[in-house]
Amino acid sequence: MGITVDVHQVFKYPFEQVVASFLRKYPNPMDKNVISVKIVEEKRDVSTGIIYRKRIAVCQNVIPEVLRKVNILKVPDIRLEEESWLNPQERNMAIRSHCLTWTQYASMKEESVFRESMENPNWTEFIQKGRISITGVGFLNYVLETFASTFLRQGAQKGIRIMEMLLKEQCGAPLAE
């Protein structure tokens, strides 16, 4: 079946400030599920100026204990891989991430973009599309997809709140129209 989560947010801060906050967002005391984020590859294309980064995030296993009675769900942490392409000249950053844990049973992919807002060049638009589908665990497929859907929606909203808090702390009040 599969679950899709779409997020759209306008941050009333310039692109450079939003991207800098995004790259520093985790780990953060507001979201204790993210244990660590490590850059495993970073390079700049000298001809285009595009900065490529690959990061690995380690997160706590948030699956409810009752479901962790199923052997495959008894892992201490979940690993995610994030790749990003930052284009400072065009003021946009594309991000792709996917889950490295349970790949034989679940597919979790997100595609996100930060870009200068068309409404105001001093604001930044964030668009994210995520999809998760679970197979191979029988009757639990639906239960796990339902849990994942709720968790991803809440996680996206929490991520936006963290970004807003970081931006306000680091840059002051949002820019007016």
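In this text the structure is predicted, and so the values were computed from the model without any measurement. Residues: numbered from 1 along the sequence shown. Side chains included, hydrogens not; waters and symmetry mates left out as well; all remaining heavy atoms used.
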Quiz item: Which pairs with one or both residues in residues 86-97 pass salt bridge (charged side-chain N to carboxylate O under 4.0 Å, His left out), sequence neighbours excluded?
Solution: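 Every salt bridge (charged side-chain N to carboxylate O under 4.0 Å, His left out) pair that includes a residue of residues 86-97, provided the two are not neighbours, is E16-R91, E83-R96, R91-E116.
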Quiz item: Which is it for C59 and L80 under the side-chain contact (heavy atoms from CB on, under 4.5 Å) test, yes or no, and what are the steps along the way?
Solution: CA-CA 8 Å; C59 305; L80 305 169; 4.0 Å; yes
In Å and rounded to the nearest 0.5 Å, what is the [atom1] to [atom2] distance from [X] to [Y]?
X: M163; Y: N28; atom1: CE; atom2: CG; value: 11.0 Å
X: E81; Y: C99; atom1: CD; atom2: SG; value: 11.0 Å
X: R79; Y: K38; atom1: CZ; atom2: NZ; value: 10.0 Å
X: D31; Y: K25; atom1: CG; atom2: NZ; value: 8.5 Å
X: K109; Y: R131; atom1: NZ; atom2: CZ; value: 10.0 Å
X: T101; Y: N61; atom1: OG1; atom2: CG; value: 8.5 Å

Below 4.5 Å, heavy atoms only, C-beta onward: do [X] and [Y] meet side chain to side chain?
X: L100; Y: M108; result: no
X: W102; Y: V75; result: yes
X: F126; Y: V18; result: no
X: R161; Y: K158; result: yes
X: V58; Y: I78; result: no
X: K129; Y: T4; result: no
X: I132; Y: L152; result: yes
X: V113; Y: M93; result: no

Co-membership, hydrophobic cluster, residues [X] and [Y], 4.5 Å side-chain:
X: V19; Y: Y26; answer: no
X: I51; Y: I56; answer: no
X: L23; Y: I162; answer: no
X: V7; Y: I95; answer: yes

Considering all heavy atoms of both residues, which atom of [X] and which atom of [Y] are nearest to each other, and what is their separation?
X: P27; Y: S36; result: CG-CA, 4.4 Å
X: V37; Y: A57; result: CG2-CB, 4.1 Å
X: Y13; Y: T124; result: O-OG1, 2.9 Å
X: P88; Y: G49; result: CD-O, 3.5 Å
X: S21; Y: L166; result: O-CD1, 3.9 Å
X: E164; Y: F11; result: OE2-CD2, 3.5 Å

Quiz item: Passes side-chain contact (heavy atoms from CB on, under 4.5 Å), Q170 versus R24? Steps please.
Solution: CA-CA 11 Å; Q170 297 162 5; R24 295 192 293 267; 2.3 Å; yes
Quiz item: Would E110 and Q128 count as having a side-chain donor-acceptor pair, cut-off 3.5 Å?
Solution: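 Their side chains do contain a donor-acceptor pair, which is all the 3.5 Å distance test asks for.
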Quiz prompt | Aromatic ring proximity, centroids under 6.0 angstrom, F22 and F114 | solution =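 Yes, close enough.
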Practice problem: Assess whether atom NZ of K168 is packed by more than 12 heavy atoms of other residues, nucleotides or ligands within 6.0 Å. | Solution: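 12 or below, so no.
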Without placing hydrogens or testing angles, list every side-chain donor-acceptor pair under 3.5 Å for residues 40-48, not counting sequence neighbours.
residue : atom : partner : partner atom : Å
E41     : OE2  : K43     : NZ           : 3.3
E42     : OE2  : R53     : NE           : 3.3
E42     : OE2  : R53     : NH2          : 3.4
D45     : OD1  : S47     : N            : 2.8
D45     : OD1  : S47     : OG           : 2.6
D45     : OD1  : T48     : N            : 3.1
T48     : OG1  : I50     : N            : 3.2

Quiz item: Has the side chain of S149 got a donor or acceptor atom that lies under 3.5 Å from a matching backbone atom of E145?
Solution: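 Judged by distance alone, no pair lies under 3.5 Å.
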Exercise. Look at the side chain of T150 and the backbone N and O of T146, then say whether any donor-acceptor pair between them is shorter than 3.5 Å.
Key: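 Yes, because the side chain of T150 sits within donor-acceptor range (under 3.5 Å) of the backbone of T146.
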